[in-house]
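Keep in mind it's a predicted model, so treat the numbers as computed, not measured. Chain A is the first sequence line, chain B the second, and so forth, proteins listed ahead of strands; every chain is numbered from 1.
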There are 2 protein chains.
Amino acid sequence: MSTRVPQERRRRRPTRSGVLLSEDLIVTTALRLIGEHGPEALNVRRLGSALGCDPSALYRYFHGTDDLVLAIADRIIGDAMAGFVPGDDWVASLREMALRVRAGYLAHPRAAALAAHRVTRRGNEIQAVETGIGLLLSAGFEPARAARLYLAFIDTVLSHAAADAAFEALPRQRREADHRAWRNVYQGLDPARYPALTAVRPELPSMADSSFEEAVDLMLEALAARAPDGR
Amino acid sequence: MSTRVPQERRRRRPTRSGVLLSEDLIVTTALRLIGEHGPEALNVRRLGSALGCDPSALYRYFHGTDDLVLAIADRIIGDAMAGFVPGDDWVASLREMALRVRAGYLAHPRAAALAAHRVTRRGNEIQAVETGIGLLLSAGFEPARAARLYLAFIDTVLSHAAADAAFEALPRQRREADHRAWRNVYQGLDPARYPALTAVRPELPSMADSSFEEAVDLMLEALAARAPDGR
DNA sequence: CCATTGCGTCAATCCTGTTGACATAAGGCG
DNA sequence: CGCCTTATGTCAACAGGATTGACGCAATGG
């Protein structure tokens with residue numbers, strides 16, 4: 001039933017276990033569930049039992065699972081950028097923006113994985129774009145160039161963060177299997193056929209780690225090298 | 001049953017409807033299904049009926065759904081890299097790899113949305129990693145450094161390509177709405193509150209375009225700057 | 001203090017993926 | 001040429017998901 005969710009709520013009735021449900025409480029509980037028991041713990045049954053209500057009660061507050069996920073994503077965006085103030089060093093500031101975005105995504109990987117590529121056009125996003133482009137303008141880039149370079153930078157950050165979140169959102173078994181692959185599969189290859197892989201063999205297990213910071217640093221190096229006013 | 005999948009296949013028996021199953025045919029059909037009806041259309045029942053076989057027959061070829069997804073991912077990689085031969089110029093070669101990967105993802109945007117970010121551990125992926133790391137070794141990087149830098153590079157390429165594919169996989173309406181947002185929402189902002197956005201205003205509509213090539217070029221610039229042997 | 005109705009509950013429905021048992025035909029071997 | 005083994009397609013069943021229609025209790029306005 002998709003017309004089940006009312007605009008405002010006046011009457012509220014405690015569940016069998018005495019809890020007063022609300023959109024806020026549900027989102028908070030969902031985030032706690034994900035944090036404690038991993039991304040796969042978020043489903044209506046488990047959420048219902050964590051809240052002490054029937055699973056179907058959630059449909060009084062959200063049209064469905066996806067609606068709930070979007071509500072969660074909205075909370076994450078607000079939290080991630082809260083209180084950020086750009087400093088004098090534009091490179092360091094862009095770096096902090098990148099780390100904050102990633103941290104926000106990784107704090108709630110499953111929600112991030114589902115909502116990562118959606119454009120919000122809302123206050124927080126607009127403010128972030130303003131800040132980022134402002135930083136590149138302060139580095140002396142021409143406006144058109146600043147806009148294009150900001151886009152390349154933030155897209156790299158967002159897509160990397162989304163990739164990391166997507167990986168974290170996998171069920172534990174698959175995550176560990178992907179991880180082990182670099183040890184098991186890639187280690188035992190024919191040296192004659194795969195000389196490069198053989199040469200870097202000791203490094204292969206670390207291929208399972210995130211390259212986020214290395215990528216951001218490379219990107220920032222390139223931007224700094226192109227900047228008219230230096231750093 | 002996870003030991004159900006044999007190494008090689010000699011005997012083959014037609015299904016009730018006369019089709020001869022094979023790993024290749026299954027992957028091809030899965031790609032077609034996803035391309036036609038979206039990623040959520042990929043499930044064993046539907047795939048079975050598209051192939052003209054019982055759903056459980058698929059478990060003779062793949063350990064489970066995830067295994068199938070990895071095979072699909074590897075197919076996309078294979079198609080994208082087919083016939084690629086690295087040239088003398090390592091920067092140009094990495095650039096072509098990047099463009100090929102992106103083209104491969106964009107050729108199957110909906111499947112890419114499903115299978116990006118995974119380690120396939122299969123032939124095509126292994127070959128691609130071998131090639132990429134080989135290029136960085138040829139640039140004079142130490143093995144450990146080459147491996148880490150390749151990871152940063154390919155992760156950037158893959159996550160960017162995945163983001164582009166995800167955007168392409170959106171329904172037309174949503175894609176166009178996102179596109180218009182940069183014109184409509186961002187153009188009409190208060191200049192006093194958003195000075196940077198106002199300064200780059202003419203450039204805003206182009207923010208809807210992909211930044212893939214710009215990002216790859218920045219990344220390659222940084223790599224070239226760090227390379228011991230130059231370009 | 002009663003009537004209204006919002007909302008929590010229940011049970012049923014329809015999806016998934018996965019597997020153990022079964023059946024049958026392909027292909028090697030005598 | 002025919003038999004035997006066994007690979008492999010089929011069937012039926014199970015577990016566990018999302019979702020919803022009907023129901024009835026209790027919070028609230030009058």
Side-chain angles (χ1 to χ4, degrees), chain A residues 1-26 29-30 33-34 37-72 110 114 169-171 173-174, chain B residues 1-26 29-30 33-34 37-72 114:
Chain A
M1 212 185 289
S2 54
T3 55
R4 244 180 167 176
V5 181
Q7 316 288 40
E8 295 209 12
R9 229 163 268 275
R10 297 192 183 152
R11 300 193 185 167
R12 297 165 66 225
R13 177 184 171 180
T15 69
R16 171 175 295 274
S17 65
V19 186
L20 275 181
L21 291 181
S22 71
E23 191 172 309
D24 247 31
L25 177 63
I26 295 173
T29 305
L33 254 187
I34 295 173
H37 306 298
E40 63 276 10
L42 184 67
N43 63 62
V44 283
R45 291 194 207 285
R46 226 191 274 235
L47 183 51
S49 87
L51 281 161
C53 71
D54 190 273
S56 63
L58 300 171
Y59 292 85
R60 301 273 182 212
Y61 293 82
F62 301 97
H63 296 296
T65 306
D66 192 57
D67 195 22
L68 171 61
V69 167
L70 289 182
I72 293 172
R110 190 189 202 192
L114 291 180
L170 288 176
Q173 270 193 332
R174 282 182 228 168
Chain B
M1 215 184 289
S2 52
T3 54
R4 246 181 164 174
V5 181
Q7 319 288 40
E8 295 210 10
R9 230 162 264 277
R10 296 192 185 149
R11 300 192 185 168
R12 300 173 58 230
R13 178 180 170 182
T15 69
R16 171 176 294 277
S17 65
V19 187
L20 274 180
L21 292 181
S22 71
E23 192 172 310
D24 250 31
L25 177 63
I26 295 173
T29 306
L33 257 185
I34 296 172
H37 304 108
E40 66 279 4
L42 183 67
N43 62 61
V44 284
R45 291 185 207 281
R46 218 191 278 235
L47 183 51
S49 87
L51 282 161
C53 71
D54 190 90
S56 62
L58 301 172
Y59 290 83
R60 301 274 182 213
Y61 293 82
F62 301 97
H63 296 297
T65 307
D66 193 57
D67 195 24
L68 171 61
V69 167
L70 292 182
I72 293 173
L114 193 67

Could you grab the distance from atom CD1 of A:Ile34 to atom CG of A:Leu47, nearest 0.5 Å is fine?
-> 9.0 Å

Main-chain N/O of B:Asp66 paired with A:Arg174 side-chain donor or acceptor, under 3.5 Å = no

Atom-to-atom span, CZ of A:Phe62 to P of C:dC7 - whole angstrom = 14 Å

Rounded to whole Å, the CG-P distance (A:Asp54 to D:dT20) equals 14 Å

Taking B:Ser17 for the side chain and B:Gly52 for the main chain, is one N or O donor matched with an acceptor at less than 3.5 Å?
-> yes

To the nearest Å, how far apart are B:Leu51 CG and D:dT10 P?
-> 11 Å

Which heavy-atom pair separates A:Leu33 from A:Ala41 by the least distance, and what is that distance?
-> CD1-O, 4.0 Å

C:dC10 base / A:Ser56 side chain donor-acceptor hit below 3.5 Å | yes

Tell me: CD of B:Glu40 to P of C:dG17, nearest whole Å?
-> 12 Å

Give the rounded distance in Å between these two atoms: CG of B:Leu21 and P of D:dT10.
-> 7 Å

Proximal nucleotide (of D:dT10, C:dT9, D:dT8) relative to the B:Thr15 side chain = D:dT10

B:Leu20 CG - C:dA25 C1' separation (whole Å) = 12 Å

Point-to-point distance, once rounded to the nearest 0.5 Å, from CG of B:Asp24 to OH of B:Tyr61 = 11.5 Å

Applying salt bridge (charged side-chain N to carboxylate O under 4.0 Å, His left out), name anything that partners A:Glu40, two or more places apart in sequence or on another chain.
-> none

Between atom CZ in B:Arg60 and atom C1' in C:dT24, what is the gap in whole Å?
-> 12 Å

Results of salt bridge (charged side-chain N to carboxylate O under 4.0 Å, His left out) for A:Arg45 - residues two or more places apart only | none

What is the distance from CD1 of B:Ile26 to P of D:dT8, rounded to the nearest Å?
-> 11 Å

Counting only distance, no hydrogens or angles, is the base of D:dG9 paired donor-acceptor with the side chain of B:Arg16 under 3.5 Å?
-> no

What are the atom names and distances for every N/O pair under 3.5 Å that joins the protein to nucleotides 14-18 of chain D?
residue, atom, partner, partner atom, Å
D:dG17, OP2, A:Arg45, NE, 3.3
D:dG17, N7, A:Arg45, NH2, 2.9
D:dA18, OP1, A:Val44, N, 3.4
D:dA18, OP2, A:Val44, N, 3.3
D:dA18, N7, A:Arg45, NH2, 3.4
D:dA18, N6, A:Arg45, NH2, 3.4

